[in-house]
Peer 1: 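Mind looking over this structure? Questions follow.
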Amino acid sequence: MDFSLSEEQLMIQEAARDFAQNELLPGVIERDDAQKFPTEQVKKMGELGFMGMMVDPKYGGSGLDTVSYALVMEELSKIDASASVVVSVNNSLVCWGLEAYGSEAQKQKYLTRLATGEIIGAFCLSEPEAGSDATSQKTTAIDKGDHYILNGTKNWITNGSTAEVYLVIAQTDREKGHKGINALIVEKGMEGFEIGPKENKLGIRGSDTHSLNFNDVKIPKENRIGDDGFGFKFAMKTLSGGRIGIAAQALGIAAGAYELAKKYSKERKAFGTEIANHQAIAFKLADMHTQIEAARLLVYKAANDKDNGGNYDLSSAMAKLYASQVAMETTVEAVQIHGGNGFVKDYHVERLMRDAKITQIYEGTSEIQKIVISRSILRD
Ligand code: CAA
């Protein structure tokens, strides 16, 4: 078993680390405070090839593997999870879905611009009354021959106002249950498509989260992804890959908090010595380091399964479940190690703690991951 990274993967990891230090760290506290979207930073990430990392270069992507993508997500998330979620949604939920299941015309029209970061995309599944229970969609896409008429509301949509392209999951035939659901490409500015208010969030405050309203929006049939009724499977398959990105984000948040806590514990003195010399602190660091390494192995395993063409539904769910738990526990401990300083914004760990929480909620809550895992292991 070889756990080493290739030369190329190490280079990409370093590029992401440098970018995070030089371009994301300055202003991260201010963006979080002001709920300011990292517009300039997203543009630069597009130039670095981070917005369409796994997309074939013929569609403007970087043609890299999922492990490289996870490495980038980890490095960006150590500093700024609000910026990394933009990368995650654009790469895994929008570009991947379009490349895997879109028509050639859809790829030419949308993917080529999404993969370069010229525009960004959003994935619209959750609704006010259907988050985890994804088959209970209330949004409807009624078949009118050569087009659909879309009506309904989507909630908590990442990149809600900044996206230009929205992949919307909607019910066409309720009688058919999940087989009556379609995925449609909706463009910003289509008549009847309104962007609702921005959410005022606990964490990832620099990211742009909105509700969306669709009132009789006319969507041409050529904007449907895949065959009629494929929308639910499209969403499930896309989310399986998305969960690798969020697991890597959780890993990065945990690793970022751990690195800050370790550094602080070697500088801060109490009772005549650096606090790292007190076993109470050293043992916390030992637990954090061990858990982060275990999470990292699960994330790399899931990414590797995807790269090798294996089934990654189980490994991505396990990686997300565990890494998000580690992110939450590690960031709480990082704040504790910082003591009073941990509670103020200048030391970054309180932000990482707030950012960690969403990784246990979006792209399938921890409880949903346990459904996916238990169903998978009990099927054997
Ligand atoms: N790949 C392909 N097909 C899949 C699949 C997968 N990973 N998972 C399920 N399916 C198929 C099943 O095989 C089944 O098809 P057949 O009937 O043909 O066999 C069909 O889909 C229905 O599956 P289930 O009966 O398992 O469906 P369910 O209603 O019990 O739900 C669930 C399963 C796993 C709980 C699912 O509803 C789920 O994942 N829910 C969570 C949704 C979620 O993650 N939401 C997050 C919102 S997106 C977001 O957060 C984005 C953001 O902006 C950051």
Side-chain angles (χ1 to χ4, degrees), residues 88-107 109-111 114 121-160 163-188 190 192-193 211-243 245 311-313 316-317 362-365 368 371-372 375:
S88 176
V89 167
N90 202 66
N91 273 277
S92 341
L93 297 187
V94 181
C95 287
W96 186 85
L98 273 174
E99 188 170 23
Y101 302 112
S103 68
E104 188 54 33
Q106 290 168 352
K107 290 179 199 177
K109 186 168 178 192
Y110 301 108
L111 183 59
L114 288 160
F123 181 83
C124 314
L125 174 66
S126 301
E127 299 187 357
E129 291 170 65
S132 293
D133 185 5
T135 50
S136 298
Q137 299 285 303
K138 294 244 177 355
T139 297
T140 52
I142 303 304
D143 192 334
K144 296 284 182 185
D146 65 346
H147 65 274
Y148 291 97
I149 293 293
L150 185 65
N151 275 293
T153 300
K154 294 288 175 182
N155 262 30
W156 312 297
I157 302 304
T158 306
N159 303 339
E164 293 289 331
V165 171
Y166 300 76
L167 308 188
V168 180
I169 314 298
Q171 184 75 252
T172 295
D173 188 343
R174 198 165 300 286
E175 306 261 290
K176 291 187 182 161
H178 72 80
K179 292 191 171 89
I181 292 176
N182 280 307
L184 304 177
I185 303 171
V186 179
E187 293 178 26
K188 182 183 259 164
M190 280 180 161
F193 173 21
S211 57
L212 306 175
N213 298 313
F214 304 99
N215 304 305
D216 288 333
V217 185
K218 187 175 173 184
I219 314 289
K221 269 269 168 79
E222 63 258 28
N223 280 26
R224 187 184 72 212
I225 302 174
D227 294 336
D228 184 30
F230 180 63
F232 186 74
K233 290 200 178 175
F234 170 81
M236 291 297 108
K237 218 50 242 173
T238 304
L239 279 166
S240 278
R243 288 166 187 164
N311 187 322
Y312 51 92
D313 297 340
S316 64
Y362 59 17
E363 299 201 25
T365 60
I368 289 292
I371 292 178
V372 174
R375 283 185 184 172

Peer 1: Can a donor-acceptor pair be found, under 3.5 Å and without considering hydrogens, that links the side chain of N213 to the backbone of T153?
Peer 2: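 No.
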Peer 1: Determine whether F193 and I219 make a side-chain contact, defined as any pair of heavy atoms from C-beta on separated by less than 4.5 Å.
Peer 2: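 When only atoms from C-beta onward are counted, I219 and F193 do not touch, as no gap falls below 4.5 Å.
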Peer 1: What residues, two or more places apart in sequence or in another chain, satisfy salt bridge (charged side-chain N to carboxylate O under 4.0 Å, His left out) together with K144?
Peer 2: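 K144 satisfies salt bridge (charged side-chain N to carboxylate O under 4.0 Å, His left out) with no other residue.
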Peer 1: Drop me the distance from F123's CZ to N159's CG, to the nearest 0.5 angstrom.
Peer 2: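 F123 CZ to N159 CG: 13.0 Å, rounded to 0.5 Å.
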Peer 1: Does D173 reach the main-chain N or O of G180 with its side chain, forming a donor-acceptor pair under 3.5 Å?
Peer 2: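 Absent.
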Peer 1: Decide yes or no on side-chain contact (heavy atoms from CB on, under 4.5 Å) for L150 and T139, but give the supporting numbers first.
Peer 2: CA-CA 7 Å; L150 185 65; T139 297; 3.7 Å; yes
Peer 1: Which heavy atom in D143 sits nearest to a heavy atom in G145, and how many Å separate them?
Peer 2: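 So the minimum-distance heavy-atom pair works out to OD1-N, 2.9 Å.
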Peer 1: Do K109 and E222 meet the salt-bridge criterion of a basic N to acidic O distance under 4.0 Å?
Peer 2: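 Salt bridge: no.
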Peer 1: Can you name the closest pair of heavy atoms from T135 and Q171 and give their distance?
Peer 2: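 So the two residues come closest at O-NE2, 3.7 Å.
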Peer 1: Under 6.0 Å from the CG atom of N215, do we count more than 12 heavy atoms belonging to anything else shown?
Peer 2: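 Counting neighbours around CG of N215, more than 12 heavy atoms of other residues, nucleotides or ligands fall under 6.0 Å, so yes.
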Peer 1: Does the side chain of V217 reach to within under 4.5 Å of the side chain of I149, using non-hydrogen atoms?
Peer 2: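 The answer is no; the side chains never approach within 4.5 Å.
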Peer 1: Any side-chain heavy-atom pair from M190 and N223 closer than 4.5 angstrom?
Peer 2: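 They are in contact (side-chain heavy atoms under 4.5 Å apart), so the answer is yes.
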Peer 1: Can K218 be said to sit on top of Y148's aromatic six-ring, NZ or CZ under 6.0 Å from centre and within 45° of the ring axis?
Peer 2: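 Not satisfied by the 6.0 Å and 45° rule.
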Peer 1: Please examine the side chains of N155 and E127, heavy atoms only from C-beta on, and report whether any two atoms are closer than 4.5 Å.
Peer 2: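 Counting from C-beta outward, E127 and N155 never come under 4.5 Å.
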Peer 1: For the side chain of S316 and the backbone of R243, is there at least one donor-acceptor N/O pair under 3.5 Å apart?
Peer 2: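 Here the side-chain-to-backbone pair does not exist.
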Peer 1: For residues A163 and G121, report the shortest heavy-atom separation together with the two atoms involved.
Peer 2: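 Shortest heavy-atom contact: CB-C, 3.7 Å.
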Peer 1: Go through the structure and list residues passing salt bridge (charged side-chain N to carboxylate O under 4.0 Å, His left out) with E99, not counting sequence neighbours.
Peer 2: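 Listed in chain order: nothing, the list is empty.
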Peer 1: If you round to the nearest 0.5 Å, how far is CG of L167 from CG of L98?
Peer 2: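 Between L98 CG and L167 CG, I get 5.0 Å after rounding to 0.5 Å.
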Peer 1: Give me the atom names and distance for the closest heavy-atom approach of S88 to G242.
Peer 2: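 Taking every non-hydrogen atom into account, OG-O, 4.4 Å.
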Peer 1: Drop me the distance from Y166's OH to Y110's OH, to the nearest 0.5 angstrom.
Peer 2: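 Rounded to the nearest 0.5 Å, the OH-OH separation comes out at 13.0 Å.
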Peer 1: Are the side chains of L93 and T158 in contact, using a 4.5 Å heavy-atom criterion?
Peer 2: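 Heavy-atom side-chain distance check fails, nothing below 4.5 Å.
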Peer 1: Between L125 and L239, does a side-chain contact (heavy atoms from CB on, under 4.5 Å) hold up when you go through it step by step?
Peer 2: CA-CA 10 Å; L125 174 66; L239 279 166; 3.7 Å; yes
Peer 1: Do the non-hydrogen side-chain atoms of S92 and E363 ever get within less than 4.5 Å of each other?
Peer 2: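 A side-chain contact is absent here, since even the closest heavy-atom pair is not under 4.5 Å.
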Peer 1: Walk me through whether L114 and N90 qualify under side-chain contact (heavy atoms from CB on, under 4.5 Å).
Peer 2: CA-CA 7 Å; L114 288 160; N90 202 66; 3.8 Å; yes
Peer 1: Throw together a table of side-chain donor-acceptor distances under 3.5 angstrom for residues 228-238, partners on residues two or more places apart or in other chains.
Peer 2:
from : atom 1 : to   : atom 2 : distance (Å)
D228 : OD1    : N182 : ND2    : 2.9
K237 : NZ     : D313 : OD1    : 3.2
T238 : OG1    : F234 : O      : 2.6

Peer 1: Please find the pair of heavy atoms, one from C124 and one from L212, that lie closest to each other, and give the distance.
Peer 2: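 Minimum heavy-atom contact is SG-CD1, 3.7 Å.
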Peer 1: Of all the heavy-atom pairs spanning W156 and S126, show the shortest one and how long it is.
Peer 2: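 Taking W156 first and S126 second, the nearest heavy atoms are CE3-CB, 3.8 Å.
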Peer 1: Would you say the side-chain atoms of R224 pair up with the backbone N or O of G226, donor to acceptor, closer than 3.5 Å?
Peer 2: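 Side chain of R224 to backbone of G226, a donor-acceptor pair under 3.5 Å: yes, one is there.
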Peer 1: Do the side chain of Q137 and the main chain of I181 share a donor and acceptor less than 3.5 angstrom apart?
Peer 2: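 Side chain of Q137 to backbone of I181: no pair is present.
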Peer 1: Does K138 use its side chain to pair, donor to acceptor, with the backbone of G152 at less than 3.5 Å?
Peer 2: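 No: the side chain of K138 does not pair with the backbone of G152.
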